[in-house]
K.L.:
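Quick one: the structure is below, and I'll ask about it shortly.
First the proteins, then the strands, lettered A, B, ... as listed; each starts at 1. Both backbone and side-chain heavy atoms feed into the values below; hydrogens, waters and symmetry mates do not.
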2 protein chains.
Amino acid sequence: MASHGVRGRSGGRPTLEEVAARAGVGRGTVSRVINGSPRVSDATRAAVEAAVAELGYVPNTAARALAANRTDAIALVVPEPETRFFAEPYFSDMLKGVGSELSETEMQLLLIFAGSDRERERLAQYLAAHRVDGVLLVSVHADDPLPDLLTQLEIPAVISGPRSAAEPLASVDSDNYGGARSAVEHLLSRGRGHIAHITGHLAVYGAQRRVDGYRDALREAGHEVDEGLIEPGDFTEEGGRRAMAELLRRRPDVDAVFAASDVTAAGASQILRETGRRIPDDVALVGYDDSAIARHMEPPLTSVRQPIEEMGRAMIDLLLTEIADRRPAASRGLERHQVVLATELVERRSS
Amino acid sequence: MASHGVRGRSGGRPTLEEVAARAGVGRGTVSRVINGSPRVSDATRAAVEAAVAELGYVPNTAARALAANRTDAIALVVPEPETRFFAEPYFSDMLKGVGSELSETEMQLLLIFAGSDRERERLAQYLAAHRVDGVLLVSVHADDPLPDLLTQLEIPAVISGPRSAAEPLASVDSDNYGGARSAVEHLLSRGRGHIAHITGHLAVYGAQRRVDGYRDALREAGHEVDEGLIEPGDFTEEGGRRAMAELLRRRPDVDAVFAASDVTAAGASQILRETGRRIPDDVALVGYDDSAIARHMEPPLTSVRQPIEEMGRAMIDLLLTEIADRRPAASRGLERHQVVLATELVERRSS
DNA sequence: ATCACTTGTGGGAGCGCTCCCACACTACCT
DNA sequence: AGGTAGTGTGGGAGCGCTCCCACAAGTGAT
């Protein structure tokens with residue numbers, strides 16, 4: 001921490017000009033040193049750095065933002081009320097990844113909640129005022145207007161979980177397709193022959209990809225896909241209960257279930273238990289997310305884990321690139337930026 | 001949301017100047033309208049507002065910050081790693097209060113974690129650059145250099161939980177003294193005669209106040225304070241176990257324990273159970289914080305609740321006043337701003 | 001009619017930077 | 001010697017506001 005001769009003659013903070021005067025150079029040169037330009041001689045740079053240290057100079061961000069038309073800040077926008085944000089470890093992990101990657105830079109991270117209409121209104125104003133250089137969007141619903149607003153405002157943005165195969169925004173996602181495949185392949189290897197799938201909310205692209213993975217895994221193992229074994233859910237516990245009950249009614253011989261989320265799996269397990277089925281003896285169960293609930297279920301739930309912290313890091317990387325390019329991916333045409341990270345099957349006693 | 005003729009002729013965002021031209025007035029007048037000055041005639045104001053709407057004008061924050069020397073942003077600084085932040089409902093509640101109070105204003109809230117040394121270093125830079133108009137400091141340790149840094153930089157700040165009776169910063173706190181009294185009085189009313197107190201970390205001022213409350217409640221009820229019944233803890237579960245074991249060794253006839261936190265109470269209850277004592281039959285137990293753990297203990301824990309959300313609101317109120325006054329409380333001498341909010345005893349089955 | 005305010009308004013100056021053009025100087029070719 | 005790069009540097013212009021002074025016009029007392 002610079003602790004030298006703070007507070008210049010005027011009592012205010014020292015300016016670039018004052019540093020320049022002290023170092024006996026021009027304003028431009030100090031600016032170059034501050035911004036790490038290579039076009040400065042070593043001697044001059046040393047002199048400027050000394051002056052900076054002596055005066056305790058800290059650049060004025062507002063002036064810089066005004067002159068350079070950038071803010072050195074990015075926003076992590078959470079389109080959920082605070083409550084959910086704190087409840088789900090997803091966000092905490094994401095934030096950890098984002099924070100660690102960002103600590104390498106001078107960028108400032110803002111956390112913005114946009115759960116209520118009022119908050120969304122404020123956010124719109126905020127974005128319109130271009131108070132951030134870029135936006136990280138997590139947990140966006142398919143019909144959310146936010147992504148389009150960002151495109152329209154030409155603000156670089158990265159979305160976690162693309163809304164479709166043709167997502168115009170840069171995106172980071174885990175391999176939903178591969179994750180689903182690994183879950184099904186695992187169940188097949190355990191000798192299960194009637195594997196059902198309780199899907200996620202199918203308006204969510206990732207949920208569709210999990211269905212694709214489920215289908216392909218079965219097909220490639222030489223099984224025919226029985227559409228009656230695919231029951232739509234919505235990622236919720238209640239949806240899991242409903243879907244499981246329906247599955248048992250339609251296909252009583254089901255001996256394995258791959259659920260699109262751990263919460264869904266929890267709902268399914270309740271129904272299985274209520275109908276006298278043992279897990280995994282009668283019906284094996286695999287979830288998705290590897291959340292806390294998976295570890296605490298009885299029996300502990302086999303689940304597909306997503307590398308959330310790493311996803312956060314990847315989002316920052318993408319976003320910083322976008323910002324450096326100064327144009328959103330949307331306007332770059334084909335050259336879309338998408339990152340897909342591998343998942344990992346965490347085996348526990350439910351399968 | 002203003003959705004009118006966005007994007008002026010130049011393709012960039014419209015400026016004050018352009019709004020002024022369009023409304024047929026001067027720059028100053030537009031500025032006055034934007035900032036709600038009363039010194040504008042109704043007709044002019046209407047004309048300007050129309051121009052603003054037509055152009056979709058949004059003020060440039062950087063320019064405003066530069067010219068007016070303010071940022072319209074305040075920081076909530078959490079001197080803890082993210083993990084603890086998410087783990088404890090304290091922060092979530094605090095954030096809710098802060099957010100709701102702030103939504104009345106144009107102020108932007110930044111959440112800054114300063115858990116690691118590296119993060120603290122960044123924070124120091126951040127504050128030195130005066131990138132916020134004020135700071136909210138929660139959960140500060142007595143020896144933390146942050147408050148002094150803020151005073152030195154002359155940045156308005158409000159601290160939750162003063163560090164001493166002579167805290168120079170504006171502060172908001174719950175009534176630790178009264179809360180402790182209510183706990184002890186409650187135990188007395190239940191006919192307990194040997195009430196012990198496991199303290200919090202005594203470097204924390206609030207913990208000292210709780211001891212004071214404990215002492216005075218006993219004294220005023222005509223009991224002599226047995227110093228042997230006061231055992232120092234540190235707010236942790238392990239501390240609670242250690243202290244409880246020590247108390248039982250020293251004063252085996254203890255029939256009630258007032259613990260300085262719910263977590264401490266949880267630790268104490270383990271020891272009580274292990275030594276064959278029933279709660280509340282043999283030993284009554286009262287905690288502090290009314291956190292989730294209190295509701296989930298067996299038996300559910302009687303606990304002193306602090307109005308955390310309200311504290312958040314009060315902190316914002318104080319801070320906005322400080323900012324309006326443009327001087328930190330420290331330099332205003334005697335006229336210190338301290339708010340103390342009442343606690344509430346939540347009775348459950350442990351007492 | 002004069003003076004003294006008050007009210008509303010325009011616009012200059014300046015906030016502290018970045019960007020970029022101009023220029024001095026050096027180095028190395030022809 | 002003249003040309004042609006490159007390298008380092010100074011400083012003007014300008015980013016979009018706010019602040020404040022100047023001033024016109026109106027109001028009411030003397």
K.L.:
Taking the side chain from A/Arg32 and the backbone from A/Gly28, do they hold a donor-acceptor pair closer than 3.5 Å?
P.N.:
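Yes, the answer is positive, given that a donor and an acceptor are paired below the 3.5 Å cut-off.
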
K.L.:
For the pair made of CG in B/Leu66 and C1' in D/dC19, what is the distance, rounded to whole Å?
P.N.:
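About 13 Å, once rounded to whole Å.
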
K.L.:
Are A/Val135 and A/Ile112 close enough, and set up right, to give a side-chain contact (heavy atoms from CB on, under 4.5 Å), and what steps lead you there?
P.N.:
CA-CA 10 Å; A/Val135 170; A/Ile112 301 186; over 6 Å; no

K.L.:
Where is the tightest heavy-atom contact between B/Arg13 and A/Ala128, given as atom of each residue plus distance?
P.N.:
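Heavy-atom minimum between the residues: NE-O, 3.8 Å.
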
K.L.:
Counting only side-chain heavy atoms from C-beta out, which of C/dT9, C/dC17, D/dC17 sits nearest to B/Thr29?
P.N.:
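The answer is C/dT9, which lies nearest to the side chain.
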
K.L.:
Between P on C/dT7 and CZ on B/Arg39, what's the gap in Å once rounded to a whole number?
P.N.:
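Nearest whole value for this atom pair: 6 Å.
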
K.L.:
Below 4.0 angstrom from OP1 or OP2 of D/dC17, is there any side-chain N or O of B/Ser31?
P.N.:
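False: B/Ser31 side-chain N/O out of range (4.0 Å or more) of D/dC17 OP1/OP2.
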
K.L.:
Is there a donor N/O on one and an acceptor N/O on the other, under 3.5 Å, for the side chain of A/Arg27 and the base of D/dG12?
P.N.:
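When only heavy-atom distances are counted, A/Arg27 does reach the base of D/dG12 through a donor-acceptor pair under 3.5 Å.
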
K.L.:
Rounded to whole Å, please give me the gap between CG in B/Asn60 and P in D/dG14.
P.N.:
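Going from B/Asn60 (CG) to D/dG14 (P), I get 18 Å.
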
K.L.:
Quick one: does A/Asp133's side chain have a donor or acceptor within less than 3.5 Å of a partner on A/Thr71's backbone?
P.N.:
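Yes; at least one donor-acceptor contact below 3.5 Å.
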
K.L.:
Which listed nucleotide (D/dT9, C/dT9, D/dC17) is nearest to the side chain of B/Arg32?
P.N.:
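My answer, after comparing the listed nucleotides, is C/dT9.
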
K.L.:
How many Å lie between CG on A/Asn69 and C1' on C/dC20, as a whole number?
P.N.:
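Interatomic distance, CG of A/Asn69 to C1' of C/dC20: 16 Å.
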
K.L.:
To the nearest Å, how far apart are A/Glu17 CD and D/dG11 C1'?
P.N.:
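Distance, rounded to whole Å: 9 Å.
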
K.L.:
Identify which nucleotide among D/dT9, C/dT18, D/dC17 has an atom closest to any side-chain atom of A/Thr44, counting heavy atoms from C-beta outward.
P.N.:
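Comparing D/dT9, C/dT18, D/dC17 against the side chain of A/Thr44, the answer is D/dT9.
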
K.L.:
What is the separation between atom CZ on A/Arg131 and atom P on D/dG16, rounded to the nearest whole Å?
P.N.:
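That distance rounds to 17 Å.
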
K.L.:
Can you tell me the distance, in whole Å, between the OH atom of B/Tyr57 and the P atom of D/dG16?
P.N.:
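Checked: the OH to P distance equals 10 Å.
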
K.L.:
When the distance from CG of A/Asp72 to P of C/dT18 is rounded to whole Å, what number comes out?
P.N.:
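In whole Å, C/dT18 P and A/Asp72 CG are 10 Å from each other.
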
K.L.:
Tell me whether the side-chain N/O atoms of B/Arg64 come closer than 4.0 Å to OP1 or OP2 in D/dT18.
P.N.:
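Yes, because at least one side-chain N or O of B/Arg64 sits under 4.0 Å from OP1 or OP2 of D/dT18.
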
K.L.:
When you get a sec, tell me which of D/dC19, D/dC17, C/dG8 is the closest nucleotide to the side chain of B/Ser41?
P.N.:
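Output: C/dG8.
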
K.L.:
Heavy-atom nearest nucleotide on DNA chain C for A/Ala63 versus B/Pro38: which residue maps closer to 5'?
P.N.:
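The residue mapped nearer the 5' terminus is B/Pro38.
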
K.L.:
Does the A/Asp144 side chain pair with the main chain of A/Leu146, one donor and one acceptor, at a distance under 3.5 Å?
P.N.:
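Between the backbone of A/Leu146 and the side chain of A/Asp144 there is a qualifying donor-acceptor contact (under 3.5 Å).
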
K.L.:
Select base, sugar-phosphate, or nothing to describe what B/Asn35 touches, counting heavy atoms under 4.0 Å on all strands.
P.N.:
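Sugar-phosphate contact only - B/Asn35 comes under 4.0 Å of backbone atoms but never of a base.
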
